[in-house]
Amino acid sequence: MNHAAPPLDPVKLREDFPILSVRVGADPARGDEGVPLVYLDNAATTQRPRSVIQSLVNVYEQSYSNVHRGAHWLSGLSTAGYNAAREKVQEFVNAAHFEEIIFTRGTTEAINLVARSWGDRFCQAGDEIVLTELEHHANLVPWQQLAERVGVKLRTIPIDDRCQLDLEQFDKLLSPRTKLVSFTATSNVTGTITPVVEIIARARRVGAVTLVDAAQSAPHLPTDVRAWGADFVALSGHKMLGPSGIGALYGRRELLASMPPFLGGGGMIDRVWADHFTPGDLPYRFEAGTPAIAPAVGLGAAIDYLNYVGLDAIHAHEQLLTARAHELLADIPGVKIWGPPLEHKAGIVGFTLDGVHPNDIAEVLDQDGIAVRAGHHCAMPLHQRLGVEFTVRASFYFYNTLAEVEQFAKTVAHAQRLFRKR
Ligand code: PLP
């Protein structure tokens, strides 16, 4: 990571995000001006800059039609826009081929696609799939369902007390039976950044296929499928400034070509007879039905914006915010931050406060206009491992400021005093 990236100016960049100026709880009818929004729920979903919003308007006002099928001018324009968006994703993840990018609804659908298509075709009883204790349910339940269908066995790389993967234990789990290693690049609860290249290298030594859940890393750190050597990578548009309902699966071309379609219908076939069909070419074979045309274009615009800000600058800024949050929270009695040391961590601060329910903390923060999330964050097994039911999660992006982090910590301190008295 290049920490020499010039610092970004969050105050200036915020001007591109109309929603960041809304006032929480404003009710003009009652003369209530509300309070400024402090949006610290970016791991759940990020906000969109005007350029992304405008790209959707442009599609619907100027170029919208169905793609691939229409033999008319407008359809050609729409298809060109859709394909240009795929090229932007291809470049963003450094994939070698256009047809290695499949548009999906998001990370969840991308992983399900692999589990259903690759899993059902290539896995059998006795095979093993290695996951980690850090996983979001999106990278857990599809494999549990595959286990139910074909009898694969799930193995789990444990974390150590610093919420980092125990790679010695990983080595012990690997064997010729290991069919797949599927893991997150960044935990959505602890912010742990996992050693992607190292994990993939070890998995490849036993001939295992690899899948990287990049939902939490792609918005913040470079994604390089070729440098990683990954077979599959999944990401979500809405977590990286794009519209919801669009995401992508990168799949190595030879692997995708060997896989049967996931969903059947229009757009994914070569030919259809009354009793059978032949599948179409990549990537369309995995995109049955009318795709999310405008959201795909919006994802392309989001990638343009990310390139404009720069992922190195984004990561450096988030490290600044996270370090400040750690420093301030450490001064509050009873706060426990669940996560690795700062240098192994993204801009996600998952914490608990002794004797105070996470929902109560989130509520006090909300009254101050500060949006965080409290709960299990779709990672129940991880919370079981940590020995807590819920955590509070503050998650930062490049448009957050040090002042917002300070306000957040001040309100957590206020919550601590409030509940301690009760
Ligand atoms: N993986 C991780 C690590 C996540 O944080 C999330 C969402 O929070 C997902 C997968 C699922 O993403 P989506 O809901 O966009 O499919």
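As the structure lists them, so they are numbered: ligands from 1, and atoms in each ligand from 1. Just so it is clear, the model here is predicted, and its values are computed rather than measured.
Between the side chains of Thr107 and Ser236, at least one donor N or O lies within less than 3.5 Å of an accepting N or O. For His238 and Thr46, the side-chain atoms include no donor-acceptor pair closer than 3.5 Å.
Within the 4.5 Å cutoff, the side chain of Leu382 has heavy atoms near those of the Ser187 side chain. Using a 4.5 Å heavy-atom cutoff, the side chains of Arg385 and Ile159 are in contact.
Annotation: atom 12 (O) of ligand 1 to nearest protein heavy atom, Ser236 OG, 3.5 Å. Among protein heavy atoms, atom 5 (O) of ligand 1 sits closest to Gln216 NE2, 2.7 Å. Looking from atom 8 (O) of ligand 1 to the surrounding protein, the closest heavy atom is Lys239 NZ, 2.6 Å. Among all protein heavy atoms, the one lying closest to atom 4 (C) of ligand 1 is His136 CD2, 3.2 Å.
Arg177 has a carboxylate O that lies under 4.0 Å from a charged side-chain N of Glu128, or vice versa, which qualifies the two as a salt bridge. Under a 4.0 Å N-O distance rule, the pair Glu404/Arg14 qualifies as a salt bridge.
A cation-pi geometry, defined here as NZ or CZ lying under 6.0 Å from the six-membered ring centre and within 45° of its normal, does not hold between Arg202 and Phe170.
Taking distance alone, with nitrogen or oxygen atoms compared against 3.5 Å, Thr184 stays at or beyond that limit from ligand 1. Residue Glu109 has no nitrogen or oxygen atom sitting less than 3.5 Å from a nitrogen or oxygen atom of ligand 1, judged on distance alone. The shortest N or O to N or O distance between Thr108 and ligand 1 is under 3.5 Å.
In this structure, His238 has a heavy atom closer than 4.0 Å to ligand 1.
For atom 1 (N) of ligand 1, the nearest non-hydrogen atom from the set Ile348, Leu140, Ile111, Asp213 comes from Asp213.
Taking every heavy atom of Asn188 and a limit of under 4.0 angstrom, the matching atoms of ligand 1 come to 5 (O).
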